[in-house]
Protein chains: 2
Amino acid sequence: MFSIGELSRRTNVKIPTIRYYEESGLLDAPERTEGNQRRYDAAGLERLSFIKHARDLGFSIEAIAALIELQGHPDRSCAEATDIASAQLSDVRAKIKRLRALEKELVRISKGCDGNGMTEDCYVLASLADHRLCEREH
Amino acid sequence: MFSIGELSRRTNVKIPTIRYYEESGLLDAPERTEGNQRRYDAAGLERLSFIKHARDLGFSIEAIAALIELQGHPDRSCAEATDIASAQLSDVRAKIKRLRALEKELVRISKGCDGNGMTEDCYVLASLADHRLCEREH
DNA sequence: TCTTGAACCTCTAGTCACTGGAGATCGTAT
DNA sequence: ATACGATCTCCAGTGACTAGAGGTTCAAGA
Ligand SMILES: [Zn+2]
Ligand SMILES: [Zn+2]
Ligand SMILES: [Zn+2]
Ligand SMILES: [Zn+2]
């Protein structure tokens, strides 16, 4: 049995975030001491590690709640879990695609001015003002 | 002179967002009719187009405020503008890097299970539970 | 000129996933 | 017994919007 501070140290999850996960229903409310302080066990640590890892991989709280629900039913089909994972993969790929388009335009914009002129003639400011200078959609 | 709805249509920025930009100081408060409705001119349209384009390129409201401030002083050096743009480029590149790491792990995780088993033996759930199964940091 | 109804106004609150602070209480070591 | 770090609850703030309630104004048609 260990305190919330100890749990925080072991998982690298900040204390207010742990309480937030509890309030959101991702973490079960743990036992309390007589003085009302939270005391966790190995199961709590495991659960929080799962949440942390999933968050690090970009899953939403909602998706993680669904995954935890599935975990609780070992005899159910895991189809939903793979669906959630592939949705997350699509999401990440869509974000990468968009960011690559932004990167290309930002490279062009940055190249257009060395920063030694006046704002009046600045290519950075001019290209922000006019999307038609962009080479593609973004 | 045109209404906020017309401005919204011409820029593809939603009406509450336009009001939010005004409140944030990005847009000057426009003239009003006798009945207190906003009326914009070409300058307002131009300004909002600038904001929209910069937002589409991922610049923060704060960065855009700084860029607009620079725009207002045509005789000042544009060094700060290029700094802001290259900071934005670095930011985008950092995000891409992180997302690519996530993509790799998510591909591995998704490949590990076809969704036809039980949650008990699901590789998706197992790899979310244990970062040591990951091939690299993310 | 009157009437309708779409468009507009302000204000408040909600979104997501936390993060920080105030003020009070608890746990533990000396 | 005292000190002091850790924890408690509750509230507010972040960024960049978005949505709704309840009321007013504008502009076009009769
Ligand atoms: Zn320049
Ligand atoms: Zn553009
Ligand atoms: Zn599976
Ligand atoms: Zn991992």
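Residue numbering restarts at 1 for every chain, and letters A, B, ... go by the order of the sequence lines. Nothing here was measured: the structure is a model prediction, and the numbers come from that model.
Residue contacts for B:Ser24: at a heavy-atom cut-off of 4.0 Å it reaches no nucleic acid atom on any strand shown. The residue A:Phe59 sits apart from the nucleic acid: no heavy atom pair falls under 4.0 Å.
A salt bridge is defined here as a Lys NZ or Arg NE, NH1 or NH2 lying under 4.0 Å from an Asp or Glu carboxylate O, and A:Glu6 with A:Arg10 meets this definition. Note on A:Arg108 versus A:Glu105: salt bridge recorded, some NZ/NE/NH1/NH2 to OD/OE distance being below 4.0 Å.
Not one side-chain nitrogen or oxygen of A:Thr17 sits closer than 4.0 Å to the OP1 or OP2 atom of C:dA17. Between A:Arg32 and C:dT25, a side-chain N or O to OP1/OP2 separation shorter than 4.0 Å is absent. A:Arg38 has no side-chain polar atom (N or O) that falls below the 4.0 Å cut-off from OP1 or OP2 of C:dC26.
Residue A:Pro16 is the one, among A:Pro16 and A:Gln37, whose nearest nucleotide of DNA chain C lies closer to the 5' end (criterion: closest heavy atom). The residue among B:Thr33 and B:Ser60 whose nearest nucleotide of DNA chain D lies closer to the 5′ end is B:Ser60. Projected onto DNA chain D by closest heavy-atom contact, B:Glu62 and B:Arg39 fall at different nucleotides, the more 5' of which corresponds to B:Glu62.
Straight-line distance from the CG atom of A:Asn36 to the C1' atom of C:dG27: 13 Å, rounded to whole Å. The distance from atom CZ of B:Arg55 to atom C1' of D:dA16 is 6 Å, rounded to the nearest whole Å. Atom pair B:Leu48:CG and D:dC17:C1' shows a separation of 14 Å (rounding to whole Å applied). Separating the OH atom of B:Tyr20 from the P atom of D:dC17 is a distance of 6 Å, rounded to the nearest angstrom. Rounded to an integer number of Å, the gap from NZ of B:Lys14 to P of D:dG20 is 11 Å. With rounding to whole Å, A:Glu31 atom CD is found 17 Å from D:dT7 atom C1'. Computed from coordinates, the A:Arg19 CZ to C:dC18 C1' distance equals 13 Å when rounded to whole Å. Note: CD (B:Glu23) to P (D:dC17) measures 13 Å, nearest angstrom.
A:Val124 and B:Ala81 make their closest contact through CG1-O, 3.9 Å (heavy atoms, listed as atom of the first residue, atom of the second, distance). B:Leu70 and B:Arg76 make their closest contact through CD2-NH2, 3.8 Å (heavy atoms, listed as atom of the first residue, atom of the second, distance).
Residue B:Ile4 is tested with B:Arg39, B:Arg19, B:Gln37 for a side-chain contact (heavy atoms from CB on, under 4.5 Å); the sole match is B:Arg19.
Annotation: cation-pi geometry not satisfied between A:Arg55 and A:Tyr21 (NZ/CZ under 6.0 angstrom from ring centroid, within 45° of ring axis).
For DNA chain C, the residues of residues 1-11 of chain B within the heavy-atom distance limit of 4.0 Å (strictly under) are B:Ser3, B:Ile4, B:Gly5, sorted by number.
In terms of modelled atom types and a separation under 3.5 Å, the side chain of B:Gln88 and the main chain of B:Leu57 share a donor-acceptor contact.
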